[in-house]
Every structure is written in structure tokens, then in C-alpha cells.
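Here's the structure we're looking at; comments come further down.
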Amino acid sequence: MKVSNINNCLNSINTDEKVGVKVAFLTGDEKMSVFAIELTKGQFIPAHYHKKDIETYFILNGYGIVYTGTIENDNILWNPEKEVNTGDCFTIYPGEIHGFKNISEGTLRIIATAPLIHSQDDRYFIETQKSPNR
């Protein structure tokens, strides 16, 4: 058994260049892995989606905005923005566009579960005006 510490993992990595925030692999395998995600004040994860399998998110501390939508006939249909706070958890489904923005005064920390491929080959970014960076 391997034990990972979220604080040590996040403190020892650099920002993931593809998403612009810290994303640390904590434990798991190809089918299901646990990641720690850290967004500093004002940071965002750009809108993207995955073709396979679900992701779950648990907000450890801080609060932010989650942007979700779907693609229909080459158009993006955006859902209303949702604010998420410490203790909230939710699921993102295959094909569901999602992005995050930290709107708290401090750090937003998230634990996410997903197949390992979500952090590698199954991540498709959306070029759009409505994105967490607006």
C-alpha cells in the first residue's frame, strides 16, 4: 500500500501547463485515480470535456464557479453557472463540458476521481467566449 499526502503532493509539483493549475496524482490506476487540484485566487481551469467515463469532484476548501454545458449540432449549450463551496461534491459525465474558476479570497482545493486517461489523452479543450477565464 502506498500513502500519499495531498499537501506534500501539491507542494512538490509545478503547474500543469495544459490546464494552468496544480493537478497532482495521489493514488489509483488506469481505471480510477484520485487527483488533488489547487487553484489560487482568480485561477481557472479552461472549459473542456472527456469522451469516456465520469469524474467526481469534492471541494475540500474554498469556493468557486463551475461552468457546464453540452455540444449539440456543433453549438455549445451552456447550463446556468453553479457556485460550489467547501464540502460540495458532484459528478461530471462523459461529453459534458466543464470548467472551474476560483472566486474565493484564498486557495480552492479539490479532490477529483477519474480514469488516468482524463489527465492524458482524453481531454479536449473548448475554444469559446464563455469560459472560466472571462
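When reading the values below, keep in mind they use all heavy atoms of this one structure, side chains included, and skip hydrogens, waters and symmetry mates.
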For the residue pair Tyr57 and Phe100, does the interplanar ring angle fall in the parallel (under 30°), tilted (30 to 60°) or perpendicular (over 60°) class? tilted
Closest contact, heavy atoms only, Ile97 versus Ile126: CG2-CG1, 3.9 Å
First locate atom NZ of Lys51, then atom CD1 of Ile117, and finally report the distance between them rounded to the nearest 0.5 Å. 10.5 Å
Taking the side chain as every heavy atom from C-beta outward, state whether Glu96 and Tyr49 have any pair of such atoms under 4.5 Å apart. no
When you measure from the side chain of Asn8 to the backbone of Asn11, do you find a donor-acceptor pair of N or O atoms at a distance under 3.5 Å? no
How many angstroms lie between CG in Leu77 and OG1 in Thr68, if you round to the nearest 0.5 Å? 11.0 Å
Distance check, rounded to the nearest 0.5 Å: Glu81 atom CD versus Ile103 atom CD1? 9.0 Å
Asn85 side-chain N/O to Tyr63 backbone N/O, donor-acceptor pair under 3.5 Å: no
Report yes if some heavy atom in the side chain of Arg123 is under 4.5 Å from a heavy atom in the side chain of Val19; otherwise report no. yes
For the side chain of Thr15 and the backbone of Glu17, is there at least one donor-acceptor N/O pair under 3.5 Å apart? no
Could you tell me whether a side-chain N or O of Asp88 sits under 3.5 Å from a main-chain N or O of Val84, the two making a donor and an acceptor? no
Within-4.5 Å side-chain heavy-atom neighbours: Phe35 and Leu116: yes
Are a donor atom and an acceptor atom from the side chains of Asn7 and Arg109 found within less than 3.5 Å of each other? yes
To the nearest 0.5 Å, tell me how far Leu60 CG sits from Cys89 SG. 11.0 Å
Min side-chain heavy-atom separation Ile59-Phe90 under 4.5 Å: yes
Counting C-beta onward and ignoring hydrogens, is there a side-chain heavy-atom pair between Asn75 and Glu72 closer than 4.5 Å? no
Are any non-hydrogen side-chain atoms of Glu55 and Tyr93 less than 4.5 angstrom apart? no
Can you check whether Glu105's main-chain N or O pairs, donor with acceptor, with Lys41's side chain at less than 3.5 Å? no
Going by distance alone, is a donor N or O of one side chain under 3.5 Å from an acceptor N or O of the other, for Thr56 and Thr113? yes
Distance-only donor-acceptor check, side chains Asn61 and Thr86, under 3.5 Å: no
Should Ile54 and Ile92 be marked as a side chain to side chain contact (heavy atoms under 4.5 Å, CB included) after you check the CA-CA gap, both sets of side-chain angles, and the distance that decides it? CA-CA 6 Å; Ile54 66 167; Ile92 300 293; over 6 Å; no
Any side-chain heavy-atom pair of Leu26 and Ile111 under 4.5 Å: yes
Just by distance, do the side chain of Glu38 and the backbone of Leu108 share a donor-acceptor pair under 3.5 Å? no
Approximate separation, where rounding is to 0.5 Å, of Leu39 CG and Ile45 CD1: 4.5 Å
If only atom types and distance count, is the side chain of Asp122 paired as donor or acceptor with the main-chain N or O of Lys52 below 3.5 Å? yes
Taking atom NZ of Lys22 and atom CD of Gln43, what is their separation to the nearest 0.5 Å? 9.5 Å
Considering all heavy atoms, the nearest Cys9-Ala24 contact: CB-CB, 3.9 Å
More than 12 non-hydrogen atoms from neighbouring residues, nucleotides or ligands closer than 6.0 Å to CD on Glu30, yes or no? no
So, do Thr70 and Trp78 sit near enough that their side-chain heavy atoms are less than 4.5 Å apart? no
According to the interplanar angle, ranging from 0 to 90°, do the rings of His118 and His50 count as parallel (below 30°), tilted (30 to 60°) or perpendicular (above 60°)? parallel
Is the terminal nitrogen or CZ of Lys18 (NZ for Lys, CZ for Arg) located under 6.0 angstrom from the six-membered ring centre of Phe125 and within 45° of that ring's axis? no
For atom CZ of Phe25, decide whether the heavy atoms of other residues, nucleotides or ligands shown that lie under 6.0 angstrom number more than 12. yes
